[in-house]
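Notes for the one structure printed next.
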Amino acid sequence: MGCDVSHPQRITVLGATGSIGLSTLDVIARHPDRYQVFALSGYSRVDELLALCLRHRPAFAVLPSSEAAARLREGLRAAGCDTEVLEGEGGLCQVAAAPEVDAVMAAIVGAAGLRPTLAAVEAGKKVLLANKEALVMSGALFMDAVRRSGAVLLPIDSEHNAIFQCMPGDYARGLSAVGVRRILLTASGGPFRETPAAALQDVTPEQACAHPNWSMGRKISVDSASMMNKGLELIEACWLFDAAPSQVEVVVHPQSVIHSLVDYIDGSVLAQLGNPDMRTPIANALAWPERIDSGVAPLDLFSIARLDFQAPDEQRFPCLRLARQAAEAGNSAPAVLNAANEVAVDAFLQRRIRFPEIASMIEQVLEQEPVLPVATLDAVFAADQRARELSREWLRRHGR
Ligand code: NDP
Ligand code: MG
C-alpha cells in the first residue's frame, strides 16, 4: 500500500460541518497531492457547507431536506461551483459507497450515522470511524460486514486510534494469541471530574460543553461530562479489538496526553502520547500505514511535567457502570443505552432535565426494555425506537 501520486485518494467526509469533519478537511488541505475531496455532508449548517464546497470543490454535497438542498444549490450556482447536491439518507449512502471513493470519514453524530457508515463498510471502503454510536448500536452486524466486505476499518476516536497504534499488526488473531492482557482506556474525567455529587444537580449545558482539554461537538461534550463517552468507548473497544468488557479498564488521566495503553502478558505496557488534537488520529488513519504531517505541534514533555492517573468514580458518574452493564448484556442492550442517552443528552441541552437525570433516565429505560437478539439492522433500529419512546415517556412522566 502507499500513495499513488497519479491518483490522489478520493475522500467522502460525512459530517463535514462538525468538529471532526473540519479537522479532517484541515489535514486533507495540507496534502493536496495525496487527497481530493469527493463529497461533503452537512445537516443544519448550510452556509458552512457552502463555504466548504467553495473551498474544497467536491463532486457532491449532501443535505437532509429538499429545502436545505435548494438553498445550497442557489449559493453554489451564484458562486459558479458545479458541486452536485444530493438529499437525505439515500444521498449519504450514495456518496459513502460510490465506486470512485477510496476512503470515507464517518463523522456524523449519533444513530443518524449508522446507515451511511454501514453503506461505506459494505462497499469495502477504507472507513475512518469517528461515529462511535454506529458501532455501539450494531457491533456484531457492523464487524460481520467489515469481515465480509474486506473494508479497512480505522479508528478515529483518539483512544481507539492509540490502542490501534499500540497493538501488533496481527491483533485480529485475538488478544490472547498476541499476548495482550488488557486494554487501558484513558479518560480525561471531563469538566466535572472534581465537582462534588451534590453540585452536579445544578451544572448547566454551557459548563458541560466546556471541556478542559478537547474542543468537540455538543453531544460528545455532554457525554464526556457524564462519562457516558467512556462507556460508549468501552463498548467500541470491545468490538474493534474483540475484547471482553472485563479486559478493558478505564483509567482517568486528567492531562489527556496519553491517549490509551495496551498491557501485554510480559509486563510491557505500550502507550501512545500526543497533544490533545484530533488531527493526529485523523492523519494517522488517513495515511495508514504511512505517516503524514497533521499540523499538530510536537509534544513538549517539559511543559507537561507530570502525568496523573486515578480510578473512575462510578458513584458520581453512573453512566460508566450502565454502559459496562450494557456491554456485558450485549444483544440490543448497547443500542438501547445509546438511544436513551441521545434523548437524555438532547433534553439536558434543552434544559428540560438536570445533569444527574441523564443517568437516571437511561437506567430506567434499560430496566424496562428487555434484552433481545439483534440479528438484523431492522431489529437494531426497532430497539433504538423502543428506547427512544420509553425515554420520551420518562420525560412525560416527570413533567418535562
Ligand atoms: P459535531 O456535532 O461537531 O458534528 C456532527 C456532524 O454531523 C455535523 O456535520 C452535523 O451537521 C452532522 N449531523 C448532525 N445530525 C445529523 C443527522 N441527523 N443526519 C446527518 N448528519 C447530521 O460532532 P463531532 O464532530 O464532535 O462528532 C462527530 C462524531 O465523532 C460523533 O459520533 C462523536 O462521538 C465522534 N467523535 C468526536 C470527537 C471530537 O473530538 N469531536 C472525538 C472522538 C469521536 P451540521 O453541523 O450541519 O448540523
Ligand atoms: Mg475518545
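Both counts, for ligands and for their atoms, begin at 1 and track the order of listing.
- Among protein heavy atoms, the minimum distance from atom 43 (C) of ligand 1 is reached at Asp157 OD1, 3.1 Å.
- Using a 4.0 angstrom heavy-atom cutoff, Lys219 does not count as in contact with ligand 1.
- For atom 46 (O) of ligand 1, the nearest protein heavy atom (residue, atom name, distance) is Arg45 NE, 2.5 Å.
- Side-chain N or O atoms of His253 include none that pairs as donor or acceptor with a backbone N or O of Leu307 at under 3.5 Å.
- Contact annotation: the side chain of Leu299 approaches that of Leu301 to within less than 4.5 Å [non-hydrogen atoms, C-beta and beyond].
- Of the polar atoms of Ser44, at least one N or O is found under 3.5 Å from an N or O of ligand 1, judged by distance alone.
- Looking at atom 27 (O) of ligand 1, its nearest protein heavy atom turns out to be Ile20 CG1, 4.2 Å.
- Per-residue contacts place Ala112 under 4.0 angstrom from the following atoms of ligand 1 (heavy atoms of the residue considered): 17 (C), 18 (N), 19 (N).
- The heavy atom nearest to atom 36 (N) of ligand 1, considering only Leu92, Ile220, Asn229, Thr17, is found in Ile220.
- Screening Ile11, Leu25, Thr83 for a side-chain contact (heavy atoms from CB on, under 4.5 Å) with His56, the sole residue that qualifies is Leu25.
- Scanning the protein heavy atoms around atom 12 (C) of ligand 1, the nearest turns out to be Tyr43 CB, 4.0 Å.
- Near the Mg ion (ligand 2), less than 2.8 Å away, sit the protein N, O or S atoms Asp157 OD1, Glu159 OE1, Glu233 OE2.
- In terms of polar-atom proximity, Gly217 is counted as a contact of ligand 1, with an N or O under 3.5 Å from an N or O of the ligand.
- Under 4.0 angstrom from ligand 1, the non-hydrogen atoms of Met278 all belong to its side chain.
- Classified by interplanar angle (parallel below 30°, tilted 30° to 60°, perpendicular above 60°), the ring pair His160/Phe241 is parallel.
- At a heavy-atom distance under 4.0 Å, no atom of Glu48 approaches ligand 1.
- Taking every heavy atom of Asn131 and a limit of under 4.0 angstrom, the matching atoms of ligand 1 come to 32 (O).
- For the pair Arg316 (side chain) and Arg193 (backbone), a donor-acceptor distance under 3.5 Å is present.
- Of the protein's non-hydrogen atoms, the one nearest atom 6 (C) of ligand 1 is Ala107 O, 3.6 Å.
- Looking at Leu114 and Leu377, their side chains come closer than 4.5 Å, going by heavy atoms from C-beta outward.
- Set against the non-hydrogen atoms of Gly42, the atoms of ligand 1 under 4.0 Å away are 11 (O), 47 (O).
- Ile183 places none of its side-chain heavy atoms less than 4.5 Å from the side chain of Cys166.
- Shortest non-hydrogen contact noted between Ala340 and Met361 is O-CE, 4.2 Å.
- Every N/O-N/O distance between Ser41 and ligand 1 stays at or above 3.5 Å.
- When each of Glu314, Met227, Glu363 is paired with Leu322, the side-chain contact (heavy atoms from CB on, under 4.5 Å) condition holds for Glu363 and for no other.
- Annotation for ligand 1: atoms under 4.0 Å from non-hydrogen atoms of Gly18 are 1 (P), 3 (O), 4 (O), 8 (C), 9 (O), 25 (O).
- Other residues, nucleotides and ligands contribute more than 12 heavy atoms inside 6.0 Å of the CG atom of Asp144.
- In terms of protein heavy atoms, atom 35 (C) of ligand 1 is closest to Ala130 O, 3.1 Å.
- Taking 4.5 Å as the limit, some side-chain heavy atom of Ile220 sits within range of a side-chain heavy atom of Lys132.
- Taking 4.5 Å as the limit, every side-chain heavy atom of Tyr43 sits out of range of all side-chain heavy atoms of Val109.
- Between Glu133 and Asn131, the side chains place a donor N or O and an acceptor N or O closer than 3.5 Å (distance only, hydrogens not considered).
- The N/O atoms of Ser19, backbone and side chain alike, include one that comes under 3.5 Å of an N/O atom in ligand 1.
- Counting only N and O atoms by type, the side chains of Ser268 and Asp266 include a donor and acceptor under 3.5 Å apart.
- With respect to atom 29 (C) of ligand 1, the closest heavy atom belonging to the protein is Ile108 O, 3.9 Å.
- Counting only heavy atoms of the protein, atom 14 (C) of ligand 1 lies nearest to Val109 CG1, 3.7 Å.
- Val343 places a side-chain heavy atom less than 4.5 Å from the side chain of Leu395.
- Residues Ile358 and Ile353 have side chains in contact (heavy-atom distance under 4.5 Å, counting atoms from C-beta outward).
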